[in-house]
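Scroll down for the structure; my scribbles are underneath it.
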Amino acid sequence: MTTSSILLASDHAGFDLKAALGSALIERGREISDLGPGDRSSVDYPDMAERLARALLEHEDAHGKGSAFGLLICGTGIGIGIAANRLSRIRAATCHDVTTARLARAHNDANVLCLGARIIGLEVALDCVDAFLATPFEGGRHQRRIDKIEGLDRP
Ligand code: RB5
């Protein structure tokens, strides 16, 4: 888990938190890739969600196993998560605290953490990121449920 690279993207509302989290992750020795935006100009969160989701799927191996995680930030973390979840094999979870971030990994095998810059501050956001990155998927009965989610995909 510690070797996974992290892809970051946000909309304008999430820009400052993205920058702060990116710096903190670099300080912690994490490999990050900031997919934008590069400034606070208004951007539509579905565009940024799609950009990150498609980049994340490129990190999958032939068995669909990913070697990276995504971090998406908008005002609430909701819209950008809804958009990212439209792509197959993206499991984006909007989290507000350590518990939701931990369980998003342990039970849902989430590969994208979504945060709301207008909802939580930097410290809570960092705690969420740490919990998300440190928690392995538990598998077992949870894998069966993930498989059922994939079965719900549109044709
Ligand atoms: C942008 O104003 C805001 O709507 C967006 O960041 C997000 O909160 C949507 O879910």
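One-based numbering, in listed order, for ligands and for the atoms of each.
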Open item on the list: Test question: given the 4.5 Å side-chain rule for I, L, V, M, F, W and Y, name all other residues clustered with Phe15, or answer none.
Closed with: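 Hydrophobic cluster check, Phe15: no partners found.
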Open item on the list: Connecting only ILVMFWY residues whose side-chain heavy atoms lie within less than 4.5 Å of each other, what is the rest of Ile78's hydrophobic cluster?
Closed with: Ile82
TODO: Give the C-alpha distance, both sets of side-chain angles, the deciding distance and a yes or no for salt bridge (charged side-chain N to carboxylate O under 4.0 Å, His left out) between Arg89 and Glu60.
DONE: CA-CA 10 Å; Arg89 301 188 308 286; Glu60 282 186 342; 2.9 Å; yes
Open item on the list: Looking at every heavy atom in both Asn111 and Ala92, which two are closest together, and how far apart are they?
Closed with: OD1-N, 4.4 Å
Open item on the list: I'd like the contact residues of ligand 1, where contact means a heavy atom below 4.0 Å.
Closed with: Asp11, His12, Ala13, Tyr45, Cys74, Gly75, Thr76, Gly79, Arg118
Task: Pairs meeting criterion side chain to side chain donor-acceptor pair (under 3.5 Å) with involvement of residues 7-21, two or more places apart - done: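 Of all non-adjacent pairs touching residues 7-21, those that pass side chain to side chain donor-acceptor pair (under 3.5 Å) are Asp16-Arg40, Lys18-Asp34.
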Task: Pairing of Arg105 and Asp109 as salt bridge, 4.0 angstrom limit - done: yes
